[in-house]
Amino acid sequence: MIVKTSLRNFFAHKGRMLLSLVAVLLSVAFVCGTLVFTDTMNATFDRLFADTSADVTVSSQDAESDESPATGKPETVPASVLEEIQGVEGVASAAGSAFSTSVTVVNSENENIGSTTGAPTIASNWGESDERSMEIASGREPRGPGEVMVDADTAEKHGLELGDELRTISALGDFRAEIVGVTEFRTTNPGATVVNFDTETVQERLLGGSDVYTEIHVTAAEGVSEEELKENVAAALGSDEYKIQTREEYTAEGMEDIGGFMDFMEYALLAFAGVALLVGIFLIVNTFSMLVAQRTREIGLMRAIGSSRRQMNRSVLVEAVLLGVLGSVLGVAAGVGLAVGLMELMGLLGMNLSTDDLTVKWTTPVVGVSLGVLVTVLAAYLPARRAGRVSPMAALRDDGLPAEGSRVGRVRAGVGLVLTLAGAGALLAASGADEMAVGGTYLGLGVLLTLVGFVLIGPMLAAFLVRGLGAAVLRMFGPVGRLAERNALRNPRRTGATGAALMIGLALVASLSVVGSSLVASVSDELDKSVGADFILQSDTGAPLVPGAAEAMRSVDGLEHVTEYRVLDAVLTPPGGEPVEESVTAASPTYAEDLGTETVSGELAAAYEPDAMSVPEDFAEKHGLEVGEKVRVDFAGGEAAELTVNAVTVADSSMDQGAMYLSIATAERYVPEEEMPLNQIMFAKAEEGQEDAAYAALKQELEPFPQYTVRNQADYKQLLEDQVGQLLNMVYGLLALAIVVAILGVVNTLALSVVERTREIGLMRAIGLSRRQLRRMIRLESVVIALFGALLGVGLGLGWGTAAQQLLALEGLMVLEIPWPTIITVFVGAAVVGLAAALVPAFRAGRMNVLNAIATE
């Protein structure tokens with residue numbers, strides 16, 4: 001009977017359930033789409049690494065597959081190792097692979113043809129490893145230093161054809177080659193740019209020697225396992241200079257290198273899906289609360305003829321299960337479509353993911369349906385309990401129960417106030433924390449407590465804030481405006497829940513805007529106060545500067561000085577302390593002028609004296625260092641040195657925070673030239689009055705190196721602002737899902753409210769309210785609810801953002817900047833959202849037949 005009654009009620013009110021179903025659908029679609037998208041990416045890269053790797057791969061122990069070498073030259077193994085491996089027992093064949101990812105390839109128009117998504121540009125010899133994953137689609141393989149092949153995806157993207165010329169730039173110089181072939185991947189190419197030369201060209205031009213390889217690829221003889229082959233090769237080489245990996249280990253390492261990026265994407269997308277689910281809960285709670293209120297007489301009659309409280313409770317929960325199952329099943333299907341859409345979007349950005357590799361694990365629909373049903377049932381639990389408490393005497397009353405008893409409301413408000421005050425205290429503790437870890441814990445706790453607190457005190461706040469908003473916005477519309485205000489105040493719990501759904505998304509928008517604006521303002525302020533250099537040369541991808549680019553910068557006339565900046569790995573051993581792995585910055589002495597880093601003791605210029613260095617304040621405190629003490633520094637690839645601490649720098653700078661400085665001359669004394677890293681960035685200062693001429697000359701001299709950009713301080717500030725803006729826009733785009741669900745909540749509330757007030761609307765129309773006035777009343781009610789949610793969201797977001805900025809001041813984010821244009825846009829946008837959300841409910845209300853409406857029970 002319970003199931004039959006639930007099915008009858010569900011389909012009888014299917015129109016009223018529609019928007020809640022859409023909310024479940026969207027939320028589940030985002031979760032399932034994220035899982036399918038990340039599973040597909042994992043499967044694509046897994047297959048790529050498996051197809052390109054050999055049974056056993058031998059490389060240098062120092063080789064790092066996830067980053068370009070600081071010297072610009074890959075770590076290599078001697079060709080003699082290849083000859084030695086070829087004679088090992090169990091080896092069917094062995095081939096040398098010569099490649100480098102520290103290259104830039106440009107076309108005849110001096111445009112970089114590399115990926116813009118972070119995927120590498122790979123310059124490789126054409127050999128066995130390439131033939132496993134690629135085939136020649138047109139032309140032929142390269143046969144000399146002036147010939148090259150390019151992959152088909154890159155050729156299509158940049159309009160390259162056979163006979164075109166490419167220029168390859170590396171740390172060893174640059175050279176030109178004619179395209180003689182185009183290759184195609186046998187598997188999906190996730191976006192890398194691949195160019196192939198003959199073996200000798202790669203060895204001499206990119207590796208720096210004719211008798212070296214980057215890797216040795218070994219194929220096992222029939223009947224020999226990969227593990228056995230690895231053991232045999234290791235025994236033959238008998239040295240820990242080489243890294244020997246099976247296919248499985250090589251693939252696992254490659255997946256680990258990109259795992260951080262994919263995990264970040266998955267967790268970020270799931271986090272936004274969680275926000276959408278949370279917002280959807282408010283919509284579902286409102287829907288079932290209003291349906292229960294509208295069916296009060298019906299439920300009372302069923303109680304009067306023998307239905308128990310438990311049966312009424314279960315009846316509502318069964319309806320919730322039906323809603324959850326239907327919305328979740330549709331959401332899973334929509335999630336697969338969303339994943340395909342994300343793949344197409346990544347293709348437009350340069351990362352190719354083929355729909356042939358679409359991966360839908362059995363766990364994805366299980367997770368989607370389980371999550372959707374669970375969230376829907378939890379959201380419907382309180383309305384279901386309220387249905388169970390309906391008395392049989394309700395059959396004698398008109399429809400509609402008070403939304404909440406006064407005692408329950410007071411308890412709810414009291415708990416909400418306690419949580420809000422506790423959350424505010426946690427945010428204050430985060431603002432005054434001395435350590436990021438402790439402050440971060442307080443910040444997370446404060447965000448959670450204030451969010452829950454605001455949700456609980458929403459009805460109480462609605463009673464005050466809606467009146468204030470009504471006085472400011474609605475009173476100018478006369479009686480219609482006052483009616484809209486009273487309608488919004490009629491059920492504060494419902495208004496509070498509807499506003500809270502919108503509040504969550506807008507609070508995140510406001511808080512992130514504060515942090516982003518504060519970041520830009522802090523760095524701009526630091527640039528104005530401490531950066532003395534006029535120009536900065538760097539790669540936007542973080543790649544080091546090749547010697548040719550550095551030489552071009554040094555050759556420009558009109559420069560007072562040019563500063564080099566290199567980062568070296570080292571192990572520091574303080575007096576009486578334990579060795580610590582750190583990065584040290586070797587720079588020209590003029591860097592003390594280019595970046596005016598403050599010191600707490602000593603002079604920064606003294607850190608650039610022979611056999612001297614500086615350390616940051618926190619490092620000095622941790623290891624008990626003072627100016628004048630010596631620190632043992634073991635340079636990677638070089639010798640050990642005893643360096644004197646001549647300066648201790650402040651710890652609260654947003655520029656170069658935590659850097660340890662020494663002069664390039666000191667580093668060159670202990671690190672061989674071939675092991676010295678390339679410049680990571682370079683600075684220059686123009687002679688007095690020559691700023692514009694020097695800027696133009698720098699751009700002209702560095703034109704042959706399109707992978708690098710020369711910027712003055714204004715350009716650098718704009719770059720930072722653009723980067724932060726792009727990141728925030730991406731976040732806002734994802735948060736739009738939560739805001740869309742919240743808008744559905746406003747639409748749903750108004751639509752069900754119109755149904756609930758059908759008789760009242762009929763009576764108002766009968767005594768003279770026009771259709772136009774009726775529609776305006778509903779629109780104004782929607783606007784004030786949306787503005788109420790925006791006011792809560794902005795207030796909460798400003799509190800979160802301010803606390804986060806105060807905490808991030810420990811990392812140099814010293815300036816608090818409130819983005820008032822964004823805040824104003826949020827309020828204006830909320831009003832527009834309110835108007836848009838009311839269009840359909842207002843239209844339906846205006847079309848009501850007056851007599852039928854009055855006759856409605």
Check your understanding: Just checking, is any N or O donor in the side chain of Asp634 or Tyr670 under 3.5 Å from an acceptor N or O on the other one?
Key -> no
Practice item. Check whether any side-chain N or O of Asn110 sits under 3.5 Å from a backbone N or O of Glu703 as a donor-acceptor pair, and report yes or no. Key: yes
Exercise for review: Can you measure from CG (Leu808) to CG (Leu816) and round to the nearest 0.5 angstrom?
Suggested key: 11.5 Å
Check your understanding: With no hydrogens and no angle check, do the side chains of Asn112 and Thr104 hold a donor and an acceptor under 3.5 Å apart?
Key -> no
Point to revise | Check: Val77 main-chain N/O paired with Ser60 side-chain donor or acceptor under 3.5 Å | key: no
Review point. Nearest 0.5 Å, what's the CE-CG distance between Met436 and Leu810?
Key: 6.5 Å
Check your understanding: So, do Leu798 and Ile818 sit near enough that their side-chain heavy atoms are less than 4.5 Å apart?
Key -> yes
Check your understanding: Just by distance, do the side chain of Gln713 and the backbone of Asp534 share a donor-acceptor pair under 3.5 Å?
Key -> no
Exercise for review: Quick one: pull up NE2 in His623 and CG in Asp618 and give me the separation to the nearest 0.5 Å.
Suggested key: 9.0 Å
Exercise for review: Would you tell me whether Gln538 and Tyr565 have side-chain atoms, one donor and one acceptor, within less than 3.5 Å of each other?
Suggested key: no
Exercise for review: For Val815 and Ser522, work out which heavy atoms get closest and say how close.
Suggested key: N-OG, 2.9 Å
Check your understanding: Can you find a pair of side-chain heavy atoms, one from Met682 and one from Met553, that are under 4.5 Å apart?
Key -> yes
Check your understanding: Is it the case that more than 12 heavy atoms not belonging to Glu642 sit under 6.0 Å from its CD atom?
Key -> yes
Exercise for review: Give a yes or no answer on whether the side chain of Thr214 reaches the backbone of Thr76 with a donor-acceptor pair at less than 3.5 Å.
Suggested key: no
Practice item. Answer yes or no: is there a donor N or O on one side and an acceptor on the other, between the side chain of Thr450 and the main chain of Gly446, under 3.5 Å? Key: yes
Check your understanding: Would Ser588 and Thr590 count as having a side-chain donor-acceptor pair, cut-off 3.5 Å?
Key -> no
Exercise for review: Kindly determine whether Leu519 and Val523 satisfy side-chain contact (heavy atoms from CB on, under 4.5 Å), including the steps that lead there.
Suggested key: CA-CA 6 Å; Leu519 172 62; Val523 176; 4.1 Å; yes
**Study point:** Residue pair Leu172, Lys73: steps toward the side-chain contact (heavy atoms from CB on, under 4.5 Å) verdict
**Key:** CA-CA 8 Å; Leu172 297 176; Lys73 293 183 293 185; 3.6 Å; yes
Review point. Thr666 and Tyr608: side-chain donor and acceptor closer than 3.5 Å?
Key: no
Exercise for review: Taking atom types as modelled, find out whether Asp722 and Gln726 have a side-chain donor-acceptor pair closer than 3.5 angstrom.
Suggested key: no
Point to revise | Residue pair Gln680 / Arg566, side-chain heavy-atom distance below 4.5 Å | key: no
Exercise for review: Ignoring hydrogens and angles, tell me if any N or O in the side chain of Arg205 forms a donor-acceptor pair with the backbone of Thr168 under 3.5 Å.
Suggested key: no
Check your understanding: What's the spacing between Gln657 CD and Thr649 OG1 if we round to 0.5 Å?
Key -> 9.5 Å
Exercise for review: Given side-chain contact (heavy atoms from CB on, under 4.5 Å), test Gln700 with Val556 step by step and report yes or no.
Suggested key: CA-CA 9 Å; Gln700 183 177 350; Val556 172; over 6 Å; no
Review point. Do the non-hydrogen side-chain atoms of Ile113 and Thr121 ever get within less than 4.5 Å of each other?
Key: no
**Study point:** pair Leu537-Ile681: side-chain heavy atoms closer than 4.5 Å
**Key:** no
Check your understanding: Among Leu572, Asp611, Val584, whose side-chain contact (heavy atoms from CB on, under 4.5 Å) with Leu643 holds?
Key -> Asp611
Exercise for review: May I ask you to test the Ile122-Val195 pair for a side-chain heavy-atom distance under 4.5 Å?
Suggested key: no
Check your understanding: Hey, are Lys630 and Thr644 close enough side-chain-wise for a donor-acceptor pair under 3.5 Å?
Key -> yes
Point to revise | Donor-acceptor pair, side chain of Tyr708 and main chain of Val546, under 3.5 angstrom | key: yes
**Study point:** side-chain contact (heavy atoms from CB on, under 4.5 Å) evaluation trace for Glu564 with Arg554
**Key:** CA-CA 10 Å; Glu564 300 189 25; Arg554 285 191 289 264; 2.6 Å; yes
Check your understanding: Is Glu691 reaching over with its side chain to a backbone N or O of Asn712, donor-acceptor style, under 3.5 angstrom?
Key -> no
Point to revise | N/O donor-acceptor pair under 3.5 Å between Arg711 side chain and Tyr716 backbone | key: no
Review point. Is there a donor in the side chain of Asn646 and an acceptor in the side chain of Tyr661, or the other way round, less than 3.5 Å apart?
Key: no
Check your understanding: Hey, does the side chain of Ser513 reach the backbone of Pro819 with a donor-acceptor pair shorter than 3.5 angstrom?
Key -> no
